[in-house]
Amino acid sequence: MWSSTRRTFLQAAAAGLAIPRVFAQTPKLTTTKLDDNIYLLGGAGCNIVAQTTKDGVVLVDGGLAQNAPALAQAIAKLPNEPNPINGHLTLFNTHWHPEQTGLNESLGKAGATIIAHENTRLWLTQNITWPYDGRKFNKFPKIAQPNKTFYDKGALDSGVRYGYISDAAHTDGDLYVYFPQQNILAVGDAAYGQGWPFVDYWTGGWIGGIVGGLQRIQSVANQDTRIVPAQGPLLGFSDITAQVDMYGAIFDRLNQMLNKGRGPAEAVAAKPAKEFEAKMGDSDEFIRQAFKSLWAYQSPDA
């Protein structure tokens with residue numbers, strides 16, 4: 001029997017999201033059961049964690065907007081034993097990027113609670129143009145903006161906890177969502193499961209924040225925690241520890257070059273991440289962006 005929440009997802013998917021024809025093809029979504037009533041949805045633009053309970057659905061991130069109809073269908077079909085879903089919709093935005101916020105408008109119209117750090121809401125209320133590639137992002141309409149924001153940490157009535165990753169690992173609005181009963185921690189792009197991370201220094205991210213954010217993840221997690229990044233496979237505590245060591249070494253090297261008056265091109269030429277490239281791939285673009293991110297935090301007058 002279809003519950004009200006399942007019908008809401010399908011109605012939101014069919015509500016006329018003005019998806020361009022070029023995006024009309026259905027994405028290939030995957031669904032993986034992580035634990036009782038917790039699923040990992042892939043293929044919509046980022047990893048999405050969905051928890052289904054008798055009280056409703058909790059989502060961590062929403063994929064790209066063009067994938068919202070297919071994603072809503074996939075969520076509506078998730079199994080939920082032993083009770084039918086008939087409650088409320090809750091959506092977390094781990095930060096403001098389009099891979100995380102594509103469900104905001106449809107679920108906002110459906111009356112969902114959209115939770116984000118206040119900085120994420122503020123970014124979504126203005127037009128943004130990236131200096132990296134000139135890409136433009138239009139501000140969100142009010143209905144699509146987060147309607148419940150916080151500054152430090154919070155919890156749902158179900159016991160799900162969330163908190164601010166104030167180190168600015170990826171943006172200055174990063175958050176984590178922790179499911180304590182299942183020991184699953186969703187961290188958005190504060191940790192990467194594959195390849196080098198994107199350092200969005202235009203909206204607050206920086207290389208030092210990558211290190212600090214990973215250490216913060218360590219403080220929330222334990223040796224048995226399954227950690228869900230926005231991109232790539234699940235991570236374990238040992239993976240986070242290895243990333244702390246790697247990015248810590250890179251940060252120290254870049255900081256030394258900055259203090260010697262070097263610039264981004266010189267940092268790239270110095271190959272400060274060379275020993276990690278066999279596993280991580282070419283590091284040039286990451287090093288360029290990471291070095292530029294230092295200017296805002298270490299040399300604000302640069």
Task: Trace of the side chain to side chain contact (heavy atoms under 4.5 Å, CB included) decision for Ile207 with Ile210 - done: CA-CA 5 Å; Ile207 177 62; Ile210 291 176; 4.2 Å; yes
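With ring centers used as reference points, Phe198 lies 6.0 Å or more from Tyr192.
Proximity of Lys33 to Leu40: side-chain heavy atoms (C-beta onward) are nowhere separated by under 4.5 Å. Considering only heavy atoms from C-beta on, Trp130 comes within 4.5 Å of Asp200 through its side chain. The shortest side-chain heavy-atom distance between Leu41 and Leu78 falls under the 4.5 Å cut-off. A 4.5 Å side-chain heavy-atom check between Tyr201 and Tyr297 finds every atom pair outside the cut-off. Side-chain contact check for Ile114 versus Gln145: every heavy-atom pair is 4.5 Å or farther apart. Under the 4.5 Å side-chain criterion, counting only non-hydrogen atoms from C-beta, Val49 is not in contact with Val177. A heavy-atom distance below 4.5 Å is found between the side chains of Asp189 and His95.
Checking Asp61, Thr120, Thr101, Asn104 one by one against Asn93, the side-chain hydrogen bond (donor to acceptor under 3.5 Å, both in side chains) holds for a single residue, Asn104.
Using cut-offs of 30° and 60° on the angle between ring planes, the pair Tyr164 and His117 is parallel. Classification of the Trp123-Trp96 ring pair by plane angle, with boundaries at 30° and 60°, yields tilted.
Contact check on Arg121 versus Glu118 returns a salt bridge, with a Lys/Arg side-chain nitrogen under 4.0 Å from an Asp/Glu carboxylate oxygen.
Counting only distance, with no hydrogens or angles, the side chain of Gln256 and the backbone of Arg253 share no donor-acceptor pair below 3.5 Å.
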